[in-house]
Visitor: 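Would you mind keeping the following structure in view while I ask a few things?
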Amino acid sequence: MEKEVYSLCFMCSIRCPIRILVKEGLVKWVEGNPHVPGMEGSLCPRGSAGVALLYDDERVKGPMMRVGERGAGHWKKVSWDKALDYVAEKLKAIIDEYGGQSVVLGERTNLATHVSKTFLKAIGSPNHFTHDALCKGSMNTACRSMFGYTDGQMGIDYKNTKHIVLYGRNIFEAVSVKEVNNLMYALEHGAKLTYIDPRVTVTATKAHRYWMIRPGTDLALNYALIHVILKERLYDTEYVDRWVVGLQELQDFVNPYTPEWAEKETGIPANEIVELAREMSMDKPSVIFHYGYRCASHANEIYVRRSILILNSLMGSVESKGGLFFKKGPGEVGRKPARKLTEQKFPEITVPRFDKVGTPDFPLPDPNHGVGQMLPHAILNEDPYPIKALIAFRFDPLMSIPDTNLMKKALEKLDLVVAIDINYSDIAWYSDVILPESTYFERTDCVQQANGLKPQMFLRRQAVPPRYDTREGAIILKQIAERLGIGEYFPYETMEDLVKWQLEGTGFSIGSFESKGFVAYTDKQILWDRKDGIKFKTPSGKIEFKSSLLEDAGFESFPAYEPVPSPSEDQFRLVVGRVALHTHVSTQNNPYLNELCPENVLWINDKRAQELGIKDGDLVEVSSRVGSGKITVKVSDLIHPEAAFMLHGFGHEAELASRSYRKGLSDAVLQENITDKVGGSPALHDTFVTVKRPV
Ligand SMILES: Nc1nc2c(c(=O)[nH]1)N[C@H]1C(S)=C(S)[C@@H](COP(=O)(O)OP(=O)(O)OC[C@H]3O[C@@H](n4cnc5c(=O)[nH]c(N)nc54)[C@H](O)[C@@H]3O)O[C@H]1N2
Ligand SMILES: Nc1nc2c(c(=O)[nH]1)N[C@H]1C(S)=C(S)[C@@H](COP(=O)(O)OP(=O)(O)OC[C@H]3O[C@@H](n4cnc5c(=O)[nH]c(N)nc54)[C@H](O)[C@@H]3O)O[C@H]1N2
Ligand code: SF4
Ligand SMILES: [Mo]
């Protein structure tokens with residue numbers, strides 16, 4: 001028996017559309033969905049290695065309960081009933097004593113996020129958070145401050161661009177298949193690529209212009225670009241006159257920030273900055289200053305991201321072909337999106353969130369996502385109240401929240417830690433109960449509402465039955481909810497029931513996904529009229545350089561530039577990133593990917609290494625104020641002297657994930673837990689480290 005199943009990859013959360021070939025009950029082949037423009041059969045290496053995840057015998061094979069100390073790694077396999085009863089009883093006791101708010105659920109946003117939000121609403125807890133702040137919270141806030149939309153509601157038209165500027169958006173290694181294919185198409189058709197990074201990445205090698213910027217100084221570069229653009233009137237005057245609020249204030253503000261000033265701060269020659277401003281202006285409005293992907297670098301992150309959005313706005317590239325666009329939903333064509341369980345009525349919740357988002361202490365981050373890195377502070381200080389239980393759903397707070405030692409201390413204070421995971425991740429290892437989810441090959445998932453230039457919906461379909469004793473996340477949460485007496489909020493028995501419920505009123509059925517794996521609400525791309533029809537959602541209905549969101553909350557729209565400190569003689573600024581062969585903290589134990597990239601190394605500049613007496617391949621001790629560890633050094637002239645770079649996601653502590661156990665070093669052990677108090681991101685690149693040969 002042979003069958004083809006259209007589904008969605010989940011080796012990372014991009015969720016590329018895929019086609020799976022199943023023979024005699026086994027997955028034999030996976031490829032990009034050929035019907036989806038931009039995919040056309042292609043997959044990234046992680047997507048191809050998905051099969052090795054499915055057939056990995058080091059996955060969590062059934063519900064596990066801890067015996068012995070937390071983190072000691074002694075487990076017993078139990079039945080689902082036993083594990084779910086235990087979790088529900090514990091939760092019930094905690095809620096009775098401390099209230100629903102003492103339960104926190106953190107997750108990487110996924111298709112079942114509406115289910116976990118429903119779970120928390122039903123127990124009376126405001127404490128759902130996603131990975132979003134840790135990835136790009138300040139970008140989310142920056143975008144709302146300028147356009148009234150979140151960054152998730154914006155897209156980038158790579159395919160039609162004439163010139164794209166990437167600030168450390170290492171797109172050819174931190175991959176999204178469609179984005180890469182569309183950008184390749186544009187480059188093959190004459191588009192220009194400018195790449196800015198303190199490190200020579202694969203993307204740098206493909207660029208027409210590469211600048212090795214001094215780490216942390218992109219804001220200075222942007223202020224100088226804006227300075228030139230305004231001084232030489234290189235902007236789209238018609239667009240700016242129609243759509244922008246605060247041009248004069250911006251002009252006054254950038255006056256002192258000349259290219260010569262920026263050269264001293266960034267190391268980029270002033271004449272080259274002027275040149276880029278002029279080139280971009282020639283190709284406007286089909287240009288992109290990429291607003292980034294991971295936008296969690298510095299304590300002033302929101303202003304860096306705003307400066308990038310200002311550059312796009314000056315070029316008139318917002319809602320333009322080859323520029324940025326707002327994603328259109330089914331409402332644009334008079335249709336309905338997939339339903340979400342969160343549309344139900346819930347008891348009112350009046351307590352603040354654990355992270356204080358939405359209170360005067362922390363007014364601006366998006367309460368739909370919260371600010372995950374506040375979790376250890378909230379637990380340890382019982383501020384604003386005691387937190388007693390954590391459910392980590394497809395998210396690892398030990399490796400994905402900076403300062404692992406702090407997070408470990410916080411976990412010790414909890415009465416219950418539950419991980420819903422597929423692997424022995426570090427958080428699974430430190431939990432009391434592991435509830436194993438079926439992998440993406442083994443489960444049907446909630447509907448993906450994919451808004452864009454054309455609104456569409458995609459579906460992840462079960463291709464093969466679960467190999468082990470695992471269940472779908474949406475079913476696991478429902479089964480805990482039933483035990484807590486809140487089962488009525490989960491009106492389904494199977495995933496098919498839930499999908500059918502979601503599709504009610506959309507005009508589509510499960511069968512509609514059969515032939516291509518997706519459905520489209522319209523064939524035509526929808527771009528609003530740039531002259532008069534752009535529906536900005538700010539109070540002014542325009543692009544707010546001078547932002548009412550910021551100023552009403554007591555923050556400045558244009559705070560003066562603060563020079564970026566250089567590390568002292570024996571220090572480096574720690575910067576981190578991704579590689580094409582791994583996803584964050586998830587894939588290091590994947591048999592194929594582990595073989596190709598088993599551990600991380602620390603890149604440091606050759607001249608600095610010589611001064612410190614360190615040679616390529618040396619094992620060194622790296623220390624920050626909060627942690628330290630050992631790692632092998634890669635000495636290179638391809639990195640700025642102030643930076644030390646390492647891949648994120650290595651240094652796992654779970655012994656049962658034997659291939660990745662203790663391989664390399666985790667960046668989270670070294671990073672301090674610092675937050676952009678305006679935008680909400682952690683400042684992952686504001687930690688200085690010393691690098692020494694161990695004595
Ligand atoms: N120190 C540090 N922290 C960071 C970053 C960094 O560079 N450094 N980067 C930030 C960024 S950009 C992001 S997006 C976040 C990502 O943060 P995370 O979401 O924590 O990272 P992931 O590796 O995507 O996935 C976490 C967990 O999901 C599990 N998992 C994978 N597939 C499934 C599944 O199908 N079901 C279930 N239930 N679990 C699954 C994995 O085993 C893993 O334990 O981290 C942020 N935090
Ligand atoms: N293979 C793979 N692809 C992925 C992911 C994955 O885990 N693996 N994750 C996805 C997710 S959730 C995200 S958020 C994206 C992340 O996508 P990106 O943001 O493109 O990826 P990073 O690897 O975090 O890139 C960080 C780069 O910024 C550089 N950098 C450091 N400091 C500075 C600075 O001051 N200025 C400038 N201009 N650059 C600097 C670093 O040297 C590094 O090369 O990737 C997505 N795609
Ligand atoms: S980018 Fe790669 S790993 Fe991520 S969803 Fe697409 S194919 Fe899968
Ligand atoms: Mo991310």
Side-chain angles (χ1 to χ4, degrees), residues 8-18 30-33 39 42-50 53 59-60 106-112 116 130-137 139 174-180 292-297 372-373 392-404 407 419-429 434-443 445 460 470-473 476 574-578 580-590 593 646-649 651-652 654 657 666-673 681-682 684-685 687:
L8 293 171
C9 180
F10 202 39
M11 286 299 281
C12 86
S13 41
I14 309 263
R15 293 187 288 257
C16 290
I18 50 174
V30 190
E31 62 188 358
N33 182 336
M39 287 303 302
S42 42
L43 278 186
C44 87
R46 299 163 297 151
S48 306
L53 164 70
R59 276 168 56 187
V60 186
E107 69 182 336
R108 164 83 212 211
T109 316
N110 63 81
L111 296 174
S116 33
T130 76
H131 78 293
D132 193 75
L134 289 144
C135 171
K136 59 187 180 54
M139 178 58 203
V175 175
S176 154
V177 173
K178 264 195 252 180
E179 291 186 19
V180 167
Y293 201 142
R294 192 171 57 66
C295 313
S297 311
Q373 74 272 17
F393 181 14
R394 210 221 161 284
F395 174 73
D396 186 348
L398 283 171
M399 296 190 92
S400 306
I401 290 181
D403 197 347
T404 304
M407 192 65 229
I420 305 178
D421 209 311
I422 50 172
N423 294 313
Y424 283 101
S425 60
D426 282 22
I427 187 61
W429 201 244
I434 313 175
L435 302 175
E437 186 166 36
S438 307
T439 66
Y440 64 99
F441 290 108
E442 302 165 311
R443 69 178 194 252
D445 224 316
R460 173 174 295 132
T470 58
R471 294 183 179 174
E472 304 92 337
I476 296 172
L574 181 67
V575 302
V576 304
R578 278 134 260 287
L581 291 163
H582 284 293
T583 295
H584 300 290
V585 307
S586 308
T587 56
Q588 287 70 23
N589 200 51
N590 178 291
L593 299 172
M646 66 198 279
L647 291 175
H648 168 55
H652 285 264
S666 168
D667 58 347
V669 166
L670 300 169
Q671 287 159 334
E672 296 173 40
N673 187 314
S681 284
L684 296 176
H685 290 178
T687 297

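We count ligands from 1, going down the list as the structure has it; atoms in each ligand are counted the same way. One is the number of the first residue; the rest follow in order along the sequence.
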Visitor: Need the ligand 3 atom indices (1-based, order shown) with element for anything under 4.0 Å from a heavy-atom of Met11.
Guide: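 So the answer, numbered in order with elements, is 3 (S).
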
Visitor: Students should find this: residues with any non-hydrogen atom under 4.0 Å from ligand 1. What is the answer?
Guide: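 Within 4.0 Å of ligand 1, the protein residues are Phe10, Arg108, His131, Leu134, Cys135, Arg294, Phe393, Arg394, Phe395, Asp396, Met399, Ser400, Ile420, Asp421, Ile422, Asn423, Ser425, Glu437, Arg443, Val576, Arg578, Thr583, His584, Val585, Ser586, His648, Asp667, Ala668, Gln671, Leu684.
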
Visitor: To the nearest 0.1 Å, how far is atom 1 (S) of ligand 3 from its closest protein heavy atom, and which atom is that?
Guide: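 Nearest neighbour among protein heavy atoms for atom 1 (S) of ligand 3, to 0.1 Å: Arg46 NH2, 3.4 Å.
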
Visitor: Is it the case that Arg578 places NZ or CZ above or below the six-membered ring of Tyr293, under 6.0 angstrom from the centre and within 45 degrees of the axis?
Guide: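 Judged by the rule (NZ or CZ under 6.0 Å from the ring centre, within 45° of its axis), Arg578 is not positioned above Tyr293.
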
Visitor: After noting the C-alpha distance and the side-chain angles of Glu437 and Arg394, does the key distance pass the salt bridge (Lys or Arg N to Asp or Glu O under 4.0 Å) rule?
Guide: CA-CA 9 Å; Glu437 186 166 36; Arg394 210 221 161 284; over 6 Å; no

Visitor: If the cut-off is 4.0 Å to any non-hydrogen atom of Leu43, which atoms of ligand 3 fall inside it?
Guide: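 Contacts of ligand 3 toward Leu43, numbered from 1: 7 (S).
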
Visitor: Side chain to side chain contact (heavy atoms under 4.5 Å, CB included), that's the test. Do Asp445 and Leu8 meet it? Break it down for me.
Guide: CA-CA 9 Å; Asp445 224 316; Leu8 293 171; over 6 Å; no

Visitor: Under 2.8 Å from atom 4 (Fe) of ligand 3 - does any N, O or S atom of Cys9 fall there?
Guide: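 Looking at Cys9, which is the residue asked about, there is no N, O or S atom under 2.8 Å from atom 4 (Fe) of ligand 3.
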
Visitor: Judged by atom type as modelled, is there a donor-acceptor pair below 3.5 Å linking the side chain of Arg108 to the main-chain atoms of His131?
Guide: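 Between the backbone of His131 and the side chain of Arg108 there is no qualifying donor-acceptor contact (under 3.5 Å).
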
Visitor: Which atoms from ligand 3 have a heavy atom of Val175 less than 4.0 Å away?
Guide: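 Taking each heavy atom of Val175 in turn, ligand 3 has 1 (S) under 4.0 Å.
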
Visitor: Can you report which non-hydrogen protein atom sits closest to atom 2 (Fe) of ligand 3, along with the distance?
Guide: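 Ranked first by proximity to atom 2 (Fe) of ligand 3 is Cys44 SG, 2.3 Å.
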
Visitor: Counting each atom of ligand 3 from 1 as listed, which ones have a heavy atom of Arg15 under 4.0 Å away?
Guide: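 Counting atoms of ligand 3 from 1, those under 4.0 Å from Arg15 are 5 (S).
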
Visitor: Test His652 against every option in Asn589, Asn423, Asp426 by the side chain to side chain contact (heavy atoms under 4.5 Å, CB included) rule and name the one that passes.
Guide: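 So, applying the side chain to side chain contact (heavy atoms under 4.5 Å, CB included) to His652 and each of Asn589, Asn423, Asp426, only Asp426 qualifies.
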
Visitor: Under 2.8 Å from atom 2 (Fe) of ligand 3, is there any N, O or S atom belonging to Cys16?
Guide: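 It does not: Cys16 brings no N, O or S atom closer than 2.8 Å to atom 2 (Fe) of ligand 3.
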
Visitor: Taking the side chain as every heavy atom from C-beta outward, state whether Met39 and Cys16 have any pair of such atoms under 4.5 Å apart.
Guide: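 Yes, their side chains come closer than 4.5 Å.
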
Visitor: Can you measure from CG (Asp396) to CD1 (Ile401) and round to the nearest 0.5 angstrom?
Guide: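 The distance works out to 9.0 Å.
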
Visitor: For atom 4 (Fe) of ligand 3, what is the closest protein heavy atom, and at what distance to 0.1 Å?
Guide: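 It is Cys12 SG, 2.4 Å.
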
Visitor: What verdict does the side chain to side chain contact (heavy atoms under 4.5 Å, CB included) test give for Val175 and Arg46, after you've listed the backbone C-alpha separation in whole Å, the side-chain angles of each residue and the deciding distance to 0.1 Å?
Guide: CA-CA 10 Å; Val175 175; Arg46 299 163 297 151; 3.9 Å; yes

Visitor: Side chain to side chain contact (heavy atoms under 4.5 Å, CB included) between Asp421 and Val60: does it pass, once the steps are laid out?
Guide: CA-CA 8 Å; Asp421 209 311; Val60 186; 5.7 Å; no

Visitor: So, the side chain of Thr587 versus the backbone of Asn590: is there a donor-acceptor pair under 3.5 Å, distance only?
Guide: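 Checked: no pair found.
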
